[in-house]
K.L.:
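The structure is given below, and queries will be raised subsequently.
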Number of protein chains: 2
Amino acid sequence: MTGTEPVAEAESGARPAARVEGRDAILEAAAAAFTERGYTATTIDDIADRLGATKGRVYHYYRSKADIFLDIHRYAMQRMLDVVTPLAQGGDPPEARIAAMVRAHAILLMTSFPFQRVSVQGLERHLAGRVTERQRAALDGVIRMRDAYEGLFVRVLEEGVAAGTFRPLVPRRAVKPILGSLNWLTVWYRPRPREEAAAQALIADEMVEFVVRGLRP
Amino acid sequence: MTGTEPVAEAESGARPAARVEGRDAILEAAAAAFTERGYTATTIDDIADRLGATKGRVYHYYRSKADIFLDIHRYAMQRMLDVVTPLAQGGDPPEARIAAMVRAHAILLMTSFPFQRVSVQGLERHLAGRVTERQRAALDGVIRMRDAYEGLFVRVLEEGVAAGTFRPLVPRRAVKPILGSLNWLTVWYRPRPREEAAAQALIADEMVEFVVRGLRP
DNA sequence: CGGGCATGATACTACCCGGTAGGTGCAAGA
DNA sequence: TCTTGCACCTACCGGGTAGTATCATGCCCG
């Protein structure tokens, strides 16, 4: 959790009085645990163990496991939106913007891997039905963010098609394989202790190349 | 479960004496349940309920939940291999072969959706550590199948690069975004009762277009 | 220096779920 | 009609886990 705005306090599933740093530590540990074992198989004790703490600490900051899960999703999406939104709206030609967005998306997937991986692996399935009203609202918020994020790509695609930069594709459809090729990173990529930045840049460049070529007339 | 060979009996996690039809019914119900709730959140009772039966029936055919899970993966991978292997090995030029493979992969994802969705969502994570020796062997088998499947694509890419049909990419790397754009289908696609075939063909064609263009020089 | 509050640990409880043990009914021989 | 065995069910157990109630500690502020 480096460099992002915390999400609006009001929408957070955290307990109202909880300090932000304490909350972030929980989220980070939980993201790592969820990444490793999946949501249901992760126990609150798993999360606490990663902090060298006990359940008490976790429940001091969060009311429930589902709330932690939802907050991770919100953080992950918020970071993506923060980074990619300006790139989508710059004055550059559509191809350059898409390239920048794809690169940023790929890099972000790798640099905040646990959060993004949890985010990509989806959430509806895990919470289907079993949510309180408050959680339902948070869930809807995350889904809206996701739709908005996809919308960023769709709009640039529309522009590019209109300008003839891209072939005549259907933006709402074409965006799926684009995000798919990117998000699949969370399945095969494994963060390595060393060599990070250079290797990540290489991977990101290959993604850009593949996507941009796939769009040209 | 239509039209595929059952997997070799010896490697199956099913109980030895279990009839194949009964076993397939369990697998189908389990695939649907896992698709909906995920592996851990799905209970044996969920699976039994889908069959209008009770736990007893499930345990009559399978020794454990993990065995069912593994069998679903094996079925799904086997189907992919059965369909795509001949396409990868035909005498057509690399671009035509990749196109056929991509189309077949996409169609198969949609037509046997629950199985393929479970398969794509991965398995190691859910079973990490907690497997018997017999299950470990089955797990390794599935992983080998997956590697072999990816290898089909890699080899065609290599040929295409050598022939100058594709740009000078690294096949082992380039295969990731290709399968990613395809497998992402399991995240956003939802099978609809009607209109199946035509809509599926349309989606598959768009995938082919995107992938093939992404590979050209 | 003392009281209050944030922070966290400990010790429960209640429940859920995977897996098992042992039975029941029915169909097909003999 | 009796027997055998498969297919499946009922009833249960035991372990694990989310969540809670309560207590301990120490830091800030008057």
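Residue numbers begin at 1 in each chain, while the letters A, B, ... track the order of the sequences.
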K.L.:
Please report the distance, rounded to the nearest Å, between CD1 in A:I44 and P in D:dT20.
P.N.:
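Between P of D:dT20 and CD1 of A:I44: 11 Å.
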
K.L.:
Should the pair A:F113 and A:Y189 be assigned to parallel (<30°), tilted (30 to 60°) or perpendicular (>60°) ring geometry?
P.N.:
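Aromatic pair A:F113/A:Y189 classed perpendicular.
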
K.L.:
D:dA7 P sits how many Å from B:R23 CZ, rounded?
P.N.:
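Checked: the CZ to P distance equals 13 Å.
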
K.L.:
Looking at every non-hydrogen atom in both residues, tell me the closest pair between A:M80 and A:Y149 and how far apart they are.
P.N.:
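It is SD-OH, 3.6 Å.
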
K.L.:
When the distance from CD1 of A:I68 to C1' of D:dG19 is rounded to whole Å, what number comes out?
P.N.:
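Taking atom C1' of D:dG19 as the reference, CD1 of A:I68 is at 12 Å.
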
K.L.:
Can you figure out which of D:dC8, C:dA9, D:dA18 approaches the side chain of B:R57 most closely?
P.N.:
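My answer, after comparing the listed nucleotides, is D:dC8.
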
K.L.:
Parallel, tilted or perpendicular for B:F210 and A:F210, by the 30°/60° rule?
P.N.:
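Because their plane-to-plane angle is over 60°, the rings of B:F210 and A:F210 count as perpendicular.
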
K.L.:
Check DNA chain C against residues 45-56 of chain B and give the residues with a non-hydrogen atom under 4.0 Å, in numerical order.
P.N.:
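DNA chain C contact set from residues 45-56 of chain B: B:K55.
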
K.L.:
OP1 or OP2 of C:dT7 versus the side-chain N and O atoms of A:H60: is any pair under 4.0 Å?
P.N.:
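Affirmative; the distance criterion is met.
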
K.L.:
Write down the protein N/O and nucleotide N/O pairs, taken from nucleotides 25-27 of chain C, whose separation is under 3.5 Å; answer none if there are no such pairs.
P.N.:
none

K.L.:
Can a side-chain donor-acceptor contact be found between B:Q121 and B:Y39 if the only test is distance below 3.5 angstrom?
P.N.:
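No - no donor-acceptor pair under 3.5 Å links their side chains.
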
K.L.:
Rounded to whole Å, please give me the gap between CZ in B:R37 and P in C:dC16.
P.N.:
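That distance rounds to 13 Å.
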
K.L.:
Hey, are A:D46 and A:R50 close enough for a salt bridge, meaning a charged N less than 4.0 Å from a carboxylate O?
P.N.:
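Salt bridge flag = no for A:R50 with A:D46.
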
K.L.:
Give the rounded distance in Å between these two atoms: OH of B:Y39 and C1' of C:dC17.
P.N.:
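Going from B:Y39 (OH) to C:dC17 (C1'), I get 12 Å.
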
K.L.:
If you measure from the Lys or Arg side-chain nitrogens to the Asp or Glu carboxylate oxygens, is any gap between B:E159 and B:R97 under 4.0 Å?
P.N.:
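Yes, B:E159 and B:R97 are salt-bridged.
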
K.L.:
Ignoring backbone atoms, test whether A:Y61 places a side-chain nitrogen or oxygen under 4.0 Å from the OP1 or OP2 oxygen of C:dG8.
P.N.:
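So the side-chain polar atoms of A:Y61 do come within 4.0 Å of the phosphate oxygens OP1 or OP2 of C:dG8, strictly under.
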
K.L.:
Mark yes or no for whether B:R63, through its side chain, and B:H60, through its backbone, hold a donor-acceptor pair below 3.5 Å.
P.N.:
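No, B:R63 side chain to B:H60 backbone: no donor-acceptor pair under 3.5 Å.
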
K.L.:
Round to a whole Å and report the spacing from OH of B:Y59 to P of C:dC17.
P.N.:
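It is 12 Å, rounded to the nearest whole Å.
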
K.L.:
Could you tell me whether a side-chain N or O of B:T186 sits under 3.5 Å from a main-chain N or O of B:V120, the two making a donor and an acceptor?
P.N.:
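Not a single qualifying donor-acceptor pair exists.
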
K.L.:
Tell me if a side-chain donor or acceptor on B:T85 pairs with a main-chain N or O of B:L81 at a distance below 3.5 Å.
P.N.:
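Side chain of B:T85 to backbone of B:L81: a pair is present.
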
K.L.:
Any base atoms under 4.0 Å from B:T40, or only sugar-phosphate, or nothing? Heavy atoms, all strands.
P.N.:
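Since no nucleic acid heavy atom lies under 4.0 Å of B:T40, the category is nothing.
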
K.L.:
What is the distance, to the nearest angstrom, from the CZ atom on A:F69 to the C1' atom on D:dA18?
P.N.:
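Value for this atom pair: 16 Å.
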
